[in-house]
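Each chain gets a letter, A, B and so on, in the order the sequences are listed, and its residues count up from 1.
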Amino acid sequence: MIILFLNFIQQVTSVLNDAVRSAGFEVNDLELGPSQHADLSSRVAFRLASVAKQSPKDVADRIASEVVIPEGSYIGKVEALGPYLNISASRSFIDAIVSGIREKKESFGGNFCEGRILLEHTSANPNGPLHVGHIRNSIIGDTLGRILKRAGYNVELHYYVNDMGRQIAIVSWALEHFEFDESSKPDHAIADVYIKANAELETHPEKVAEIDRLMQLVESGDEETIERFDKAVGLAVAGIKETLGKMNVSHDEFPKESSFIRSGDVSRIVDEIKATGRTEIDNGALVVDLLDYGFEKTLVIQRSDGTSLYTTRDLAYHEWKGERADRIIDIFGADHKLISGQLKATLNAIGKKEPEFVIFEFVSLPEGSMSTRRGKFISADELFDQVKVRALEEVDKRRPEMPDDFKKQVADMVGIGAVRYDIVKVSPEKSTVFDWKEALDFEKQGGPFVQYSHARACSILRKAKDEGLWDSEAIIAPSLLVEDTEIALIKKMGMFDNVLDQCAKELKPHMLAIYGRELADAFNQFYRFVSVLNAEEEDVRASRLALVDCARIVLANTLDTLGMGAPESM
RNA sequence: GGGCCCGUGGCUUAGCCAGGAUAUAGCACCGGGCUUCUAACCCGGGGGUCGUGGGUUCAACUCCCACCGGGUCCGCCA
């Protein structure tokens with residue numbers, strides 16, 4: 001296990017704690033953080049100043065003068081600059097990063113955590129295709145899953161299939177009343193009849209009773225109704241899986257809501273909740289009182305006709321998840337905020353493991369919010385098609401001499417990469433408005449920029465190999481890498497484990513996207529300022545080629561963790 | 001009406017939870033760089049009352065209060 005920057009932080013913590021003690025102070029937080037002026041910076045002097053009755057600057061000087069750096073440390077020096085203690089990396093840290101990457105290759109930067117995590121994401125209702133709002137869920141969830149796996153967790157990914165809610169009853173009903181277009185992608189064809197059915201139910205409210213009837217039948221286990229529901233759900237899910245595959249998203253399991261009814265888990269958990277004495281009958285419905293958890297209103301867990309609700313089935317699902325994993329993580333849209341809080345409180349009330357939530361805000365259209373029911377949405381498939389067409393134009397413009405299958409392959413990789421990057425780079429609590437012009441704009445420093453840097457690194461190595469200059473196993477001297485841009489690139493690569501650690505701890509995948517851009521930036525600056533193949537000395541060239549290989553590896557690892565393709569040429 | 005989230009240069013955005021060094025990048029704009037490893041690149045420049053008003057603090061984009069603007073949720077939908 002090689003975890004470079006995390007080791008560096010540990011060493012700094014130990015050395016500074018000793019220095020603080022030697023200077024006669026006591027402190028429990030060194031207030032370490034990143035800085036533009038050093039590799040790591042401590043603001044501890046501010047905190048000690050009042051106790052010491054000295055200025056922060058004097059305290060910093062006093063601590064700095066007590067610093068003892070052990071032989072071979074990753075710490076180069078610690079110096080006080082005003083009130084700050086600035087720590088810089090040592091040469092041995094730089095060398096360790098280069099050898100660490102060469103040793104670990106694609107597994108570099110990970111495996112520092114353990115435990116089982118059950119991560120649920122997307123879980124869109126099977127009443128139509130995924131739209132541009134749903135894929136924010138998919139991309140955040142899938143990226144987080146990749147981050148957690150690389151960090152060392154055993155991660156299982158779930159798509160929870162709603163196969164018995166009101167909306168599915170409507171889909172099933174719709175298939176009986178409207179023509180299903182066999183020639184379309186099935187999820188789109190499902191949306192088509194679902195939209196018609198909703199319009200029909202709106203103009204003929206008396207038909208809603210037929211939907212209620214279907215829901216009662218499916219809950220009571222009526223074989224024929226169950227089969228009809230299954231057929232509808234199967235069609236939509238098949239289309240959804242195809243769309244997920246296009247953007248490199250896959251799930252390990254697709255558990256169905258109905259399975260928790262049939263297993264008896266739902267009725268058992270209702271009994272467990274009843275046993276807490278928190279329930280009461282309100283207008284015929286069974287409700288749970290969660291006032292002591294801060295919820296003003298009660299939570300309905302059973303309709304007055306005795307059928308269960310999404311919430312009830314979700315409680316059973318979460319209980320089941322809790323038995324299989326150490327941590328449960330759900331990716332939910334902002335509309336689920338209240339219900340997820342109630343879910344968590346109810347699980348707590350019956351002594352079950354509570355889930356952690358990643359909540360993301362909505363993606364809307366310029367004309368308003370999206371709605372499958374009203375047919376107001378832009379499907380993910382449509383977005384991918386458009387983006388690939390745009391990407392193909394770009395590849396064609398830049399590499400006209402290449403064969404068509406190369407162009408198509410690169411366009412697909414770049415198109416999907418651009419979409420994934422664009423979505424994951426924005427922090428989830430920001431609501432966004434979908435804009436075609438922006439979605440198809442490749443000029444910005446986004447996904448293709450990171451992929452391009454990887455292709456550049458590959459290109460250098462390919463050329464070196466052709467000329468017989470490159471041996472990936474060659475012993476090289478990292479100490480020959482002394483240029484500013486070389487050092488900056490190495491340090492940036494060394495941050496990979498720390499970034500993964502932060503993302504995994506805070507469940508914030510957007511920070512990895514930012515890192516990817518910074519890493520690509522560092523590589524491009526190195527590329528611009530330092531010749532590799534034309535280096536004067538042979539050993540310097542060998543070291544630089546090894547550095548390019550390191551950059552290729554870390555860029556590829558970053559792209560892989562972001563779920564983006566790493567093209568060797570583009 | 002109440003709860004939660006957001007409000008940072010023309011546009012998009014990091015930092016905010018764990019307050020401290022000239023507020024981060026990109027797009028757009030202006031200027032420079034391809035006989036040299038792919039210019040989907042690099043270098044430089046202009047542009048910001050960090051929504052508004054108070055408060056806490058030696059120090060506030062960051063914490064507290066009020067207000068304004070946008071989003072979202074508020075029992076038998078999911």
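Among the heavy atoms of the strands lying under 4.0 Å from A/Met570 is at least one base atom, whether or not backbone atoms are also near. Contacts of A/Val548 with the nucleic acid, taken as non-hydrogen atoms under 4.0 Å apart, are absent. Across all strands shown, A/Val450 has no heavy atoms under 4.0 Å from either base or sugar-phosphate atoms. If you check every strand for non-hydrogen atoms under 4.0 Å, A/Gly82 touches nothing. At a threshold of 4.0 angstrom between heavy atoms, the contacts of A/Ser35 include nucleobase atoms, whether or not backbone atoms are also involved. A/Asp282 comes within contact range of at least one nucleobase, with a heavy-atom separation under 4.0 Å. Using a 4.0 Å heavy-atom cutoff across all strands shown, A/Asn283 reaches at least one base atom of the nucleic acid. Residue A/Leu299 is classed as having no contact, given no heavy-atom separation below 4.0 Å to the nucleic acid. Among the protein residues, A/Asn86 comes within range of the nucleic acid bases, having at least one heavy atom under 4.0 Å from a base atom. Nucleic acid contact for A/Leu81: base, since at least one base atom lies under 4.0 Å from a heavy atom of the residue. Heavy atoms of A/Glu257 sit under 4.0 angstrom from primed sugar atoms or phosphate atoms, though from no base atom. Within 4.0 Å (heavy atoms only), A/Ala455 reaches at least one base atom of the nucleic acid. Heavy atoms of A/Ser569 sit under 4.0 angstrom from at least one base atom. At the heavy-atom level, A/Glu506 lies under 4.0 Å from base atoms of the strands shown.
Remark: the separation of the P atoms in B/A60 and B/U22 is 13 Å, to the nearest Å. Distance check on atom C1': B/G70 versus B/A25 gives 24 Å, rounded to whole Å. To the nearest whole angstrom, the two P atoms, one in B/A23 and one in B/C61, are 10 Å apart. The P atoms of B/C11 and B/U49 are separated by 13 Å, rounded to the nearest whole Å. B/C41 and B/G55 are spaced 48 Å apart, taking the P atom of each and rounding to whole Å. Nucleotides B/U57 and B/C64 have their P atoms positioned 16 Å apart, rounded to a whole Å. If you take atom C1' in B/G46 and the same atom in B/C29, they sit 9 Å apart, rounded to whole Å. Rounded to the nearest Å, the gap between the C1' atom of B/A21 and that of B/C17 is 22 Å.
Partner assigned to B/G47 is none, using Watson-Crick or G-U wobble distances below 3.5 angstrom. Pair assignment for B/A28 gives none, since no Watson-Crick or G-U wobble pairing has each distance under 3.5 Å. Base pairing analysis places B/G1 opposite B/C74; the two distances defining the Watson-Crick or G-U wobble pair are each below 3.5 Å.
The side chain of A/Arg456 contributes no N or O atom lying less than 4.0 Å from OP1 or OP2 of B/U38. For A/Gln451 and B/A40, the shortest distance from a side-chain N or O to OP1 or OP2 is not below 4.0 Å. For the OP1/OP2 pair of B/A39 and a distance below 4.0 Å, the side-chain nitrogens and oxygens of A/Tyr527 include at least one atom meeting the criterion. Taking 4.0 angstrom as the limit, A/His510 places a side-chain polar atom (N or O) nearer than this to OP1 or OP2 of B/G15. Using a 4.0 Å cut-off, some side-chain N or O of A/Arg398 falls inside it from OP1 or OP2 of B/A40. Within the structure, a side-chain polar atom (N or O) of A/Tyr452 is placed less than 4.0 Å from OP1 or OP2 of B/A40. Distances shorter than 4.0 Å separate some side-chain N or O of A/Arg166 from OP1 or OP2 on B/C77. For the pair A/Ser453 and B/C41, the criterion of a side-chain N or O lying under 4.0 Å from OP1 or OP2 is not met. Note on A/Arg303: a side-chain N or O is less than 4.0 Å away from OP1 or OP2 of B/A78. Phosphate proximity of B/U24 to A/Arg517: absent, as no side-chain N or O sits under 4.0 Å from OP1 or OP2.
The side chain of A/Val395 sits closest to B/A40 out of B/U13, B/C74, B/A40. When the nucleotides B/A78, B/U13, B/G75 are ranked by their closest atom to the side chain of A/Thr432, B/U13 comes out on top. Listed candidates were B/A78, B/C74, B/U72. Nearest to the side chain of A/Lys297 is B/C74.
Regarding A/Tyr515, its OH atom lies at a distance of 17 Å from the C1' atom of B/A14, rounded to whole Å. Nucleotide B/G19 holds its P atom 7 Å from the CZ atom of A/Arg47, rounded to whole Å. Distance CG (A/Asn534) to P (B/C34): 17 Å, rounded to an integer number of Å. The separation between A/Arg528 atom CZ and B/C42 atom C1' is 6 Å, rounded to whole Å. As rounded to whole Å, 10 Å separates atom C1' of B/U38 from atom CZ of A/Phe406. Rounded to whole Å, atom P of B/A78 lies 11 Å from atom CG of A/Asp314. Computed from coordinates, the A/Phe434 CZ to B/U12 C1' distance equals 15 Å when rounded to whole Å. Following rounding to the nearest Å, A/Arg136 (CZ) and B/U72 (C1') show an atom-to-atom distance of 13 Å.
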Restricting to nitrogen or oxygen on both sides, can you table the protein-nucleotides 2-8 of chain B pairs closer than 3.5 Å?
unit_1: B/C4; atom_1: O2'; unit_2: A/Lys337; atom_2: NZ; d: 2.6
unit_1: B/C5; atom_1: O4'; unit_2: A/Lys337; atom_2: NZ; d: 3.4
unit_1: B/C5; atom_1: O2'; unit_2: A/Glu429; atom_2: O; d: 3.0
unit_1: B/G7; atom_1: OP1; unit_2: A/Lys430; atom_2: NZ; d: 2.9

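Atoms CD and CZ, from A/Gln216 and A/Arg213 in turn, are 6.5 Å apart once rounded to the nearest 0.5 Å.
Judged by distance alone, the side chains of A/Asp330 and A/His318 do bring a donor and an acceptor atom under 3.5 Å apart. Between the side chains of A/Thr143 and A/Arg420, at least one donor N or O sits under 3.5 Å from an acceptor N or O. Judged purely by distance below 3.5 Å, without hydrogens or angles, the side chains of A/Glu210 and A/Trp173 pair a donor atom with an acceptor atom. Defined by atom type and a distance below 3.5 Å, a donor-acceptor pair is present between the side-chain atoms of A/Glu219 and A/Ser308. A/Asn162 and A/Gln167 are not linked by any side-chain donor-acceptor pair at a separation below 3.5 angstrom, with hydrogens and angles left out of the test.
A stacking contact between A/Phe442 and B/A40 is absent: the pair does not combine a ring-centre distance of less than 5.5 Å to the base's six-membered ring with planes differing by less than 30°. Stacking of A/Phe46 onto the six-membered ring of B/G20 is present: less than 5.5 angstrom between centres, less than 30° between planes.
Cation-pi geometry between A/Arg456 and A/Tyr527 is met: the NZ or CZ atom falls under 6.0 Å from the ring centre, inside 45° of the normal. Cation-pi geometry between A/Arg517 and A/Phe449 is not met at under 6.0 angstrom from the ring centre and within 45 degrees of the axis.
For B/G75, the base adopts the syn conformation, since its glycosidic angle falls within 90 degrees of zero.
In this structure, the salt bridge (Lys or Arg N to Asp or Glu O under 4.0 Å) partners of A/Asp396, at least two apart in sequence or on a different chain, are A/Lys407.
In terms of modelled atom types and a separation under 3.5 Å, the side chain of A/Arg399 and the main chain of A/Met570 share a donor-acceptor contact. With hydrogens and angles disregarded, no donor-acceptor distance shorter than 3.5 Å links the side chain of A/Glu257 to the backbone of A/Tyr310.
Between A/Asp412 and A/Lys408 there is a salt bridge, with a side-chain nitrogen of the basic residue lying less than 4.0 Å from a carboxylate oxygen of the acidic one.
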